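Step one of this worksheet: look at the structure below.
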Amino acid sequence: MAVLIDGKKLAERICAEVAREAAKLPRKPCLAAILVGDDPASEIYVRNKERDCLKCGIDSRRFDLPAGTAQEELLSLIDKLNRDGAVDGILVQLPLPEHIDESAVIDAISPDKDIDAFHPLNVGKMITGEPTLWPCTPAGIMEMFREYGISLDGKKCVMVGRSNIVGRPMGLLMLRENGTVIYCHRRTPDLAEMTRQADILVVAAGSPGLITGDMIKPGAVVIDVAMNRDPDTGKFFGDVCFDEVEKKASFITPVPGGVGPMTRAMLMKNILTAAKISLKQM
Ligand code: NAD
């Protein structure tokens with residue numbers, strides 16, 4: 001039976017550390033969170049981030065803009081926040097309404113305040129290995145590996161999913177730790193052939209039940225990033241058939257309580273880091 005990786009417990013510890021560190025700074029770190037439109041899921045995500053800030057001793061300012069907001073108006077708010085010395089991190093909740101160019105918005109955020117680490121400059125630094133903020137979900141998974149003593153050195157790491165926010169950066173971070181990385185995606189002809197080779201399997205497809213027990217190498221470490229919501233019960237579940245896979249894996253993350261809380265904790269850590277850099281405390 002696999003060891004359960006307790007993301008919730010680890011995230012609580014990280015948040016407590018962030019709160020302790022934040023209290024030592026000359027002023028509180030500050031997040032500016034921008035929400036465009038009234039998508040209920042985005043509304044919940046932003047509210048949760050505000051709550052996390054409160055718990056971690058971080059100030060948060062929220063900007064609710066109507067769905068019809070012009071791109072120029074959003075860019076001008078970002079410009080104002082870029083120049084505001086009291087704001088350490090700027091977060092624009094995605095997805096944005098269709099008439100707004102997401103790339104233009106990401107590019108407009110000052111790389112120093114880009115606490116989601118989506119800006120091309122930060123992505124480039126991550127590729128070349130320069131110090132920079134890391135995207136929260138992959139950064140949270142790397143923390144889990146460290147905490148549970150899971151080494152990637154020389155291991156075959158299979159990443160299912162290649163999105164800009166999860167799959168791609170996750171593969172890069174595993175490569176950085178000397179893993180041999182294989183990316184799988186919708187066009188991969190035989191997914192099971194790839195996953196069966198994995199010492200470390202990270203799954204972020206958003207496809208419920210995609211990974212079954214027969215697709216796992218005995219002793220593999222299995223990280224389930226997905227958060228699929230059951231429309232009837234409202235409950236979340238992953239891409240991995242947990243009951244089958246936990247019998248073969250050495251380590252496994254639950255959904256919920258695995259990667260999700262770590263993503264939130266790493267956002268708090270990124271805000272703290274941005275504040276420390278801005279306040280010349282590191
Ligand atoms: P996305 O839709 O942008 O990307 C999904 C990727 O999976 C694509 O590259 C696609 O090619 C691949 N894919 C989809 N179906 C596949 C299949 N059948 N076989 C092989 N590859 C397949 O999604 P995303 O933003 O990367 O998110 C993925 C999942 O992770 C979603 O369920 C999302 O809710 C979840 N997520 C969770 C967290 C967290 O903190 N836990 C954070 C971000 C995303």
Side-chain angles (χ1 to χ4, degrees), residues 4-12 14-15 39-42 44-49 51-52 91-96 102-103 106 115-118 123 133-145 157-174 181-198 201-212 214-216 222-231 234-242 245 252-270:
L4 199 67
I5 299 183
D6 190 341
K8 192 162 175 267
K9 197 162 130 200
L10 180 55
E12 275 164 15
I14 290 169
C15 284
D39 174 57
S42 294
I44 293 171
Y45 290 140
V46 171
R47 203 178 331 131
N48 284 343
K49 287 165 191 174
R51 277 192 197 142
D52 292 342
L91 180 150
V92 179
Q93 186 62 47
L94 302 178
L96 288 164
E102 211 166 273
S103 302
I106 290 171
I115 36 108
D116 271 328
F118 295 160
V123 175
L133 298 170
W134 286 353
C136 301
T137 302
I141 296 170
M142 296 308 282
E143 283 284 336
M144 286 172 152
F145 290 148
C157 304
V158 175
M159 178 67 236
V160 181
R162 57 172 169 180
S163 71
N164 285 344
I165 63 166
V166 187
R168 255 169 236 250
M170 186 65 225
L172 286 170
L173 292 182
M174 293 195 286
V181 179
I182 300 172
Y183 281 99
C184 300
H185 45 79
R186 273 198 194 89
R187 305 284 287 272
T188 302
D190 187 348
L191 182 63
E193 187 205 339
M194 298 297 161
T195 60
R196 275 189 208 115
Q197 298 178 43
L201 177 63
V202 182
V203 189
S207 177
L210 181 66
I211 306 296
T212 48
D214 59 324
M215 294 168 77
I216 303 292
V222 181
I223 308 292
D224 192 350
V225 180
M227 296 215 293
N228 305 302
R229 191 168 178 274
D230 184 319
K235 285 190 178 156
F236 287 98
F237 55 98
D239 288 344
V240 173
C241 296
F242 187 89
V245 171
I252 190 166
T253 57
V255 179
V259 176
M262 288 302 291
T263 298
R264 288 171 60 175
M266 297 317 284
L267 181 72
M268 298 299 112
K269 208 169 167 181
N270 276 355

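First listed ligand is number 1; within each ligand, the first listed atom is number 1. Since the model is a prediction, treat every value here as computed from it, not as a measurement.
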For the CE atom of M170 and the CD1 atom of I165, what is their distance to the nearest 0.5 Å? 13.5 Å
Taking only non-hydrogen atoms of G260 and a 4.0 Å limit, the atoms of ligand 1 in range are 40 (O), 41 (N)
Reported NE2-to-OG distance for the pair H185 and S163, which is rounded to 0.5 angstrom: 12.5 Å
Who passes side chain to side chain contact (heavy atoms under 4.5 Å, CB included) against C184, sequence neighbours left out? V158, V160, I182, T188, L191, M194
Nearest protein heavy atom to atom 32 (O) of ligand 1, by residue and atom, and its distance? M227 N, 3.1 Å
So is A204 close enough to ligand 1, meaning a heavy atom under 4.0 angstrom away? yes
I'd like the name of whichever of T263, T253, I211 reaches closest to atom 40 (O) of ligand 1 through any heavy atom. T263
Close-contact set for ligand 1 against I165 heavy atoms, below 4.0 Å: 25 (O)
Quick look: V225 vs ligand 1, heavy-atom contacts under 4.0 Å, and the answer is both
What one should report as the nearest heavy-atom pair of A226 and G206 is CB-N, 4.1 Å
Value for CE (M159) from CG (L172), rounded to nearest 0.5 Å, stands at 11.0 Å
Value rounded to 0.5 Å, distance of CD1 in I141 from CH2 in W134: 12.0 Å
Please list the nearest protein heavy atom to atom 8 (C) of ligand 1 with its residue and the distance rounded to 0.1 Å. R162 N, 4.0 Å
Note: ligand 1 atoms sitting under 4.0 Å from heavy atoms of G161 are 6 (C), 7 (O), 9 (O), 12 (C)
In ligand 1, which numbered atoms sit nearer than 4.0 Å to a non-hydrogen atom of G206? 29 (C), 31 (C), 32 (O)
Is the shortest distance from atom 2 (O) of ligand 1 to a protein heavy atom below 4.0 Å? no
For ligand 1, does D239 get within less than 4.0 Å through its side chain, its backbone, both, or neither, judged by non-hydrogen atoms? neither
Does any N or O atom in G167 lie less than 3.5 angstrom from one in ligand 1, N or O only? no
For the pair Q197 (side chain) and E193 (backbone), establish whether a donor and an acceptor sit closer than 3.5 Å, ignoring hydrogens and angles. yes
Option with minimal heavy-atom separation from atom 18 (N) of ligand 1, where the choices are V166, L210, L94: L210
Shortest protein contact, atom 42 (C) of ligand 1 (heavy atom only): T137 OG1, 3.3 Å
For the CZ atom of R162 and the CZ atom of R186, what is their distance to the nearest 0.5 Å? 9.0 Å
With sequence neighbours excluded, what pairs up with D52 under the side chain to side chain donor-acceptor pair (under 3.5 Å) test? R264
